[in-house]
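Okay, structure first, notes after.
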Amino acid sequence: MDAAADHDNHHQVVDDHDQQVLLQQPEWRGEASAELKHCKAEQVWPLLEDFFGLDKWFPTLSICLPVEGLSGQVGCVRFCAGFKTPVDHDDQEEMRLNWTKQKLLSVDRTRMTFSYSIVDGNVGFNSYVSALKVVPKGEDGCLIEWRYEVEPVEGWKLEDLDLFIGNGLEVMAKRMEVALQAYNKATKSNVY
């Protein structure tokens with residue numbers, strides 16, 4: 001056997017071993033929340049519920065396009081691309097376009113919650129399921145809660161995912177807060 005073939009076989013064994021290690025790890029679970037102090041849950045929910053409009057709020061996400069169905073209807077699918085992750089490196093020769101396809105699994109407008117899964121992509125998320133919820137807090141504030149679970153992701157640590165979602169949610173909440181405050185100021189209304 002030549003050295004190149006031996007290297008390929010060794011590389012395959014390492015990959016298989018790494019995959020076995022990943023499969024033996026328990027599923028990752030996490031959650032993040034962000035508070036919006038001067039925005040009512042009823043104001044924030046329509047912004048969050050716009051399944052095809054995530055690029056308006058999530059940092060570094062430059063593309064969010066409809067693939068199937070109508071936004072907000074269970075079963076609709078969106079294509080999200082252009083986001084950076086904690087495991088991306090600036091020194092990569094060729095910048096890779098990160099992308100996922102995400103399917104809306106459930107919506108409960110009364111409880112202001114929805115869930116979705118990643119059904120395809122190039123960031124290594126297998127069996128990713130997430131639920132987002134808007135919860136009233138006080139008289140004129142609310143929280144956005146984001147819970148998620150996923151099989152361990154090669155090249156990531158759970159802390160990377162927690163950081164990615166936590167920071168992303170904080171930026172989303174801030175952007176929504178700024179937009180809603182501008183709307184309220186422009187209409188000089190305290191009501192939605």
Side-chain angles (χ1 to χ4, degrees), residues 15-16 18-34 44-89 92 94-135 144-173 175-176:
D15 287 346
D16 288 345
D18 289 347
Q19 188 63 31
Q20 287 299 323
V21 169
L22 285 172
L23 291 173
Q24 292 171 1
Q25 293 181 17
E27 192 169 67
W28 289 350
R29 288 191 168 94
E31 63 182 78
S33 65
V44 173
W45 170 246
L47 306 179
L48 191 64
E49 181 191 23
D50 178 13
F51 196 67
F52 295 158
L54 183 61
D55 55 328
K56 297 174 194 169
W57 314 114
F58 197 85
T60 75
L61 180 64
S62 57
I63 300 167
C64 184
L65 299 173
V67 175
E68 288 179 34
L70 299 173
S71 186
Q73 289 187 351
V74 172
C76 71
V77 177
R78 67 185 175 194
F79 172 81
C80 296
F83 53 91
K84 293 186 192 287
T85 71
V87 298
D88 291 334
H89 301 288
Q92 291 174 338
E94 196 175 307
M95 285 303 291
R96 176 179 83 158
L97 178 69
N98 292 323
W99 64 272
T100 60
K101 283 185 182 176
Q102 303 171 359
K103 183 175 187 174
L104 187 61
L105 300 175
S106 68
V107 179
D108 185 334
R109 289 173 179 84
T110 304
R111 293 180 54 230
M112 293 184 279
T113 186
F114 70 86
S115 65
Y116 72 93
S117 66
I118 293 178
V119 295
D120 197 6
N122 69 346
V123 291
F125 287 14
N126 295 315
S127 300
Y128 178 92
V129 178
S130 189
L132 284 87
K133 183 174 186 173
V134 181
V135 180
I144 300 174
E145 297 176 344
W146 189 331
R147 290 186 170 88
Y148 46 92
E149 55 187 58
V150 64
E151 292 176 8
V153 181
E154 189 172 353
W156 289 61
K157 294 181 256 177
L158 178 56
E159 296 80 28
D160 296 327
L161 184 57
D162 290 340
L163 180 70
F164 178 66
I165 290 177
N167 288 346
L169 181 57
E170 284 294 328
V171 172
M172 281 177 61
R175 288 177 177 176
M176 289 177 175

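Worth saying up front: this structure is predicted, and the values here are computed from it rather than measured. Values below: all heavy atoms of this structure, side chains included; hydrogens, waters and symmetry mates excluded.
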Report yes or no: do Ser127 and Glu151 form a side-chain donor-acceptor pair below 3.5 Å?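 Checked: Ser127/Glu151 side chains pair up, N/O donor to acceptor below 3.5 Å.
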Going by atom types only, do Trp146 and Ser130 share a side-chain donor-acceptor pair under 3.5 Å?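 Looking only at side-chain atoms, Ser130 and Trp146 do form a donor-acceptor pair, the distance falling under 3.5 Å.
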To check you understand the geometry: which heavy-atom pair defines the closest contact between [X] and [Y], and what is its length?
X      : Y      : answer
Gly166 : Ala32  : CA-CB, 3.9 Å
Gly72  : Phe51  : N-CB, 4.0 Å
Gly30  : Asp162 : CA-OD1, 4.1 Å
Lys157 : Trp28  : C-CH2, 3.7 Å
Cys64  : Gly53  : SG-N, 4.3 Å
Val123 : Val153 : O-CG1, 3.7 Å

Heavy-atom side-chain contact between [X] and [Y] under 4.5 Å:
X      : Y      : answer
Ile144 : Val44  : yes
Ile63  : Phe79  : yes
Val129 : Ser117 : yes
Arg109 : Val107 : yes

Given side-chain contact (heavy atoms from CB on, under 4.5 Å), test Leu132 with Tyr116 step by step and report yes or no. CA-CA 9 Å; Leu132 284 87; Tyr116 72 93; 3.7 Å; yes
Angle class for the Trp156/Phe125 ring planes (parallel below 30°, perpendicular above 60°, tilted otherwise)?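 If you compare the ring of Trp156 with that of Phe125, the planes turn out perpendicular.
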Output yes when a side-chain donor or acceptor of [X] lies under 3.5 Å from a complementary backbone atom of [Y], and no otherwise.
X      : Y      : result
Ser71  : Asp50  : no
Arg78  : Lys103 : no
Asn122 : Trp99  : yes

Gap separating the [atom1] atom of [X] from the [atom2] atom of [Y], nearest 0.5 angstrom:
X      : Y      : atom1 : atom2 : result
Glu149 : Tyr128 : CD    : OH    : 10.0 Å
Leu65  : Lys101 : CG    : NZ    : 11.0 Å
Arg29  : Tyr148 : CZ    : OH    : 12.5 Å
Leu169 : Ser33  : CG    : OG    : 7.0 Å
Met172 : Leu47  : CE    : CG    : 9.0 Å
Glu49  : Leu104 : CD    : CG    : 9.0 Å

Passes side-chain contact (heavy atoms from CB on, under 4.5 Å), Val74 versus Leu105? Steps please. CA-CA 6 Å; Val74 172; Leu105 300 175; 5.8 Å; no
For the ring pair Phe58 and Phe164, is the centre-to-centre distance below 6.0 Å?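 Yes - the distance between ring centres of Phe58 and Phe164 falls below the 6.0 Å cut-off.
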In sequence, state the C-alpha distance, the side-chain angles, and the governing distance for Val150 and Leu161, and then conclude on side-chain contact (heavy atoms from CB on, under 4.5 Å). CA-CA 10 Å; Val150 64; Leu161 184 57; 3.6 Å; yes
Between Cys80 and Leu61, is the side-chain contact (heavy atoms from CB on, under 4.5 Å) condition met? List the steps. CA-CA 7 Å; Cys80 296; Leu61 180 64; 3.7 Å; yes
Let me know which of Val67, Val119, Ile118, Asp120 forms a side chain to side chain contact (heavy atoms under 4.5 Å, CB included) with Gln102.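 With Gln102 as partner, side chain to side chain contact (heavy atoms under 4.5 Å, CB included) holds for just one option, Ile118.
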May I ask you to decide whether Glu145 forms a salt bridge with Lys133, counting only side-chain N to carboxylate O separations under 4.0 Å?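 No salt bridge links Glu145 with Lys133.
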